[in-house]
Amino acid sequence: MLEDNYNHLEIEDKIYDFWEKEKLFQPKKNNNKNYFSIVIPPPNVTGSLHMGHALNNSIQDLLVRFYRLKGYETLWQPGTDHAGIATELVVEKKLKEKNLSKNILGREKFLKEVWEWKEHSGNLIINQLKKLGSSCDWTQTRFTMDKDMSSAVIKVFLELYNKKLIYKDLKLSNWDPVLKTAISDLEVEQKEVNGKLYYIKYFFNKIDFITIATTRPETVFADSAIAVNPKDNRYKNLINKFAKIPLIEKSIKIIADNYADPNHGSGAVKITPAHDFNDYEVGIRHKLEKINILEPDGKLNNNCPKKYQGIDRLEARKLIVEDLKLGDFLEKEESIKHSVPYGDRSNSVIEPYLTEQWFLNVKKLSSDALKAVKNKKTTFFPETWTKTYNLWLKDIKPWCISRQIWWGHQIPIWYGDNGKIFAAANKEDAQKKADKFYKKKNSYIKQDLNVLDTWFSSSLWPFASLGWPNKTYNFKRFYKTSVLVTGFDILFFWVARMMMMGLFVTKKVPFDKVYIHALVRDEHGQKMSKSKGNVIDPLELIKKYGADALRFTLMSMASPGRDVKLSEERVKGYRNFLTKIWNVSKFCELNNCNSNLENSINNVKLEVNQWIINEYIQTRNNIDIHMQAFRFDEASREIYNFVWNTFCDWYLEFAKSIFYSNDQDKIKETKKVFGFIFSKILISLHPFIPFVTEELWNKLKFMDFFKSPLINFTNNKEIKIIKNNNIQMINWLIKIVGLIRSTKVILQVSPGNFVDICVDNLSKNKKDFLDRNFLIFKKASRVENLFKKDEKNENILSLYSEGDAILIKFSTEISLKEQIAKVKQKIDVIKNNINISKGKLANKSFINKAPKDIVDKEKDILKNLVNDLNQLESIISIKN
RNA sequence: GGGCAUGUAGUUCAGUGGUAGAACGCUACGUUGACAUCGUAGAGGUUGCAAGUUCGAUCCUUGCCAUGCCCACCA
């Protein structure tokens with residue numbers, strides 16, 4: 001027996017263990033060409049599940065389960081990402097608690113710590129994904145720092161290096177002084193802040209000076225010129241003269257360059273090639289000296305006066321401004337709003353900093369990536385993201401791929417004496433190369449200390465996680481992958497780079513389609529953040545309402561191109577849906593509705609049973625259409641409406657009437673159909689709410705019957721719509737029931753009261769239909785008997801709807817006041833509609849230009865309206 | 001500065017060139033047989049504003065307004 005209430009806490013873990021133990025997440029090999037594969041966006045190994053993951057993985061699991069049930073050979077490839085900087089920060093924080101630091105430990109010991117941390121906490125996120133119901137093939141789980149993944153990374157690096165697409169360069173890069181590493185352009189966030197613009201005087205002699213404006217006065221020591229616009233008449237005569245940098249009295253030249261904007265600041269700008277990207281370019285044009293004034297940690301170095309050395313640049317700024325004031329070098333200061341670059345991980349001010357870094361020439365790779373999307377080898381959904389993708393790739397800059405941290409793939413480059421470079425897959429190979437070059441044994445080599453940007457290995461994920469470069473079954477069978485499901489926030493970081501690398505390495509696009517979902521926000525549309533305190537923890541919701549409820553909520557709200565605004569109320573609502581389904585199955589069990597019908601569906605005779613079969617097929621077809629179009633919101637709505645509004649509200653009630661009758665044939669057939677459709681419902685619902693459906697499949701013995709757990713039940717015999725026009729008339733019957741019910745409410749007759757009706761004025765077809773289906777009609781409408789139309793009684797009323805007329809007789813006195821008022825209201829509405837309709841039909845252009853079926857439809861509408869109007873008016877005249 | 005979205009019921013969102021839909025919420029009422037985590041009925045709309053195309057626009061076009069996001073730059 002089924003328990004009274006659905007208890008997700010007991011069931012979800014139990015069901016998950018069952019799936020996992022039975023190895024039901026592994027691809028079921030088939031010999032047809034249909035396969036479906038997804039690689040998971042690997043979560044950070046040290047991360048924990050947030051609402052974005054919940055949405056992302058619910059969508060993936062929905063797709064994977066949907067296609068698995070369709071009989072596709074299906075793989076969901078899982079894994080985690082080593083997340084270089086993020087993980088290093090976490091471990092460093094841990095060390096700090098123990099009064100340790102990575103520098104105290106040294107590289108080797110530190111990395112050991114990180115590995116230990118990974119072993120210790122790396123399964124957390126995976127276990128959380130399991131809570132959600134994710135049906136990944138965990139036996140294939142990969143980690144981006146695993147041996148295989150690492151050798152894939154090195155192989156690709158060397159290939160790119162040998163093609164000269166990876167190169168080393170000394171130039172300005174974004175430098176994070178807290179993390180003490182270079183970062184890529186993408187990792188820099190511009191933030192609008194309140195700052196000051198300082199106007200500083202550079203003197204030519206004791207009296208004359210030129211004023212420049214800067215937001216960064218601390219960089220004066222790095223100045224190597226002052227630029228003015230050659231067309232700027234104010235400064236024309238100063239070009240090629242020398243002015244002195246305040247505080248250090250160093251002379252720098254005034255140069256002419258179009259970069260100087262006469263309308264900006266004072267029109268004269270100081271040029272600091274080593275600390276500003278634009279100035280760097282100017283410096284190259286004018287062959288200016290690059291003076292670096294910062295230590296890697298952002299403190300001023302010995303290129304600055306002693307007084308400021310060792311002081312952080314932001315602190316030094318204040319000191320220098322004070323000193324400029326004292327020396328009368330400061331003309332004025334202005335408060336301004338300007339944007340300042342911040343590191344997305346450390347949240348510190350990023351410095352343009354002159355260092356030697358490794359770069360990947362992505363420009364060369366981008367053209368194939370653009371072409372592939374243009375030729376629709378890969379398509380985006382929603383399509384509009386294509387534009388964003390194109391825009392970014394068209395204007396792509398070299399990717400700085402080296403990081404001065406320790407946790408990551410160390411760059412496979414070795415240096416010999418004099419900095420001679422040996423690129424090799426491992427130390428032995430490098431040694432051999434070096435020895436050959438230096439013509440001696442055990443020549444000195446040292447590996448490059450840098451590691452690769454985490455996104456470098458991530459960009460290889462679709463093929464490397466499937467086993468490349470080995471010719472594994474999974475790689476051959478499942479690449480290119482079917483869909484990539486991801487958020488728009490990593491479109492550049494990840495998606496575009498995977499496209500480039502995938503095409504470069506495998507010559508194939510890594511995925512057929514890219515589904516881009518939006519952000520999950522709170523119910524007011526606010527971004528969830530710890531500081532706002534509006535973070536909804538998916539695990540808490542799962543605990544409270546079940547993973548199924550959370551999943552269904554997320555799917556129902558996953559409308560394309562829109563953020564998901566999540567409120568707990570919604571989750572509660574869908575929890576109720578689960579309860580509803582649970583209760584249907586109790587009904588199913590109570591009435592022994594469990595049978596296979598697939599082979600005898602053509603023998604179903606009752607119209608109501610034929611009707612529900614057709615309604616189901618229609619629903620299933622619609623779900624298929626929506627799923628293929630990535631309309632998970634529409635798909636979930638479709639099944640929700642069918643289950644609740646069609647199956648429960650009507651069919652189940654109809655079935656009751658039959659079950660409680662004496663007609664054994666009808667009972668037998670209806671029980672079969674009820675069980676059959678319910679089993680189909682469980683199948684259709686399973687991708688959305690896998691736990692409860694699997695549990696019920698099992699409990700209702702569908703599993704015994706179909707010889708398969710629901711998760712990979714694929715023996716779906718095609719069932720077809722039953723062709724019989726009368727079946728549709730169940731919907732008409734439902735409308736008549738509604739008419740009787742609402743009439744009772746208007747007249748304030750208790751809904752429990754029975755009435756008699758007269759249907760003599762209906763068409764023969766409808767009368768016959770009602771007669772055949774009187775059993776189910778009777779209970780739903782609470783109609784006791786039929787009466788003849790010549791009967792006279794005070795309590796008889798006519799009801800009209802769309803050309804149908806029935807009489808209704810109440811057993812008690814009724815007050816018609818309410819009804820009359822209602823009818824008058826209705827008459828007004830109809831009159832108004834008649835006017836609109838008449839106006840349309842009187843319009844010659846409409847008649848001539850509108851399509852014929854529209855005009856005919858309009859004529860029909862008018863006919864029905866006039867008909868209803870006449871009948872309604874006759875009621876009023878009688879009752880008055 | 002450039003670009004991309006989004007404005008529809010109280011709220012969150014669908015949808016359609018031909019009489020505007022759902023869920024939640026709200027109101028009233030409860031028919032013994034799965035379910036009160038329920039059922040029945042109902043109220044609720046100038047589809048952001050304006051112009052254009054059209055026989056007809058909520059839908060297509062343009063402009064404006066509002067909101068959100070992305071990219072670039074800002075001495």
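Every chain is numbered from 1, with letters handed out A, B, ... down the list of sequences.
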Undergrad: Cation-pi between Lys270(A) and Tyr202(A): NZ/CZ under 6.0 Å from ring centre and within 45° of the ring axis?
TA: no

Undergrad: Between U37(B) and Arg575(A), counting only base atoms on the nucleotide and side-chain atoms on the residue, is there a donor-acceptor pair under 3.5 Å?
TA: yes

Undergrad: Any stems for RNA chain B, made of 3 or more Watson-Crick or G-U pairs in a row, each with both distances under 3.5 Å?
TA: B:1-7 with B:65-71, B:10-13 with B:21-24, B:26-30 with B:38-42, B:48-52 with B:60-64

Undergrad: Regarding Arg570(A) and Glu568(A), does a basic nitrogen lie under 4.0 Å from an acidic carboxylate oxygen?
TA: no

Undergrad: For atom P, what is the distance between A22(B) and A9(B), given to the nearest Å?
TA: 14 Å

Undergrad: If the P atom of C59(B) is compared with that of G63(B), how far apart are they to the nearest Å?
TA: 15 Å

Undergrad: Is any side-chain nitrogen or oxygen of Ser750(A) closer than 4.0 Å to OP1 or OP2 of U31(B)?
TA: yes

Undergrad: Report yes if the ring of Phe846(A) lies under 5.5 Å from the six-membered base ring of G56(B) with planes under 30°, and no otherwise.
TA: no

Undergrad: Anything under 30° is parallel, anything over 60° is perpendicular, the rest tilted; go ahead and classify Tyr651(A) against Phe674(A).
TA: parallel

Undergrad: Tell me which nucleotide among C4(B), G15(B), C69(B) gets nearest to the side chain of Glu634(A).
TA: G15(B)

Undergrad: Answer with yes or no whether Lys387(A) presents, from its side chain, a donor or acceptor under 3.5 Å of a partner atom in the base of C4(B).
TA: no

Undergrad: For Lys201(A) and Pro246(A), which heavy atoms make the closest approach, and how far apart are they?
TA: O-CG, 3.4 Å

Undergrad: Which value, in whole Å, describes the distance between the P atoms of nucleotides U58(B) and U19(B)?
TA: 12 Å

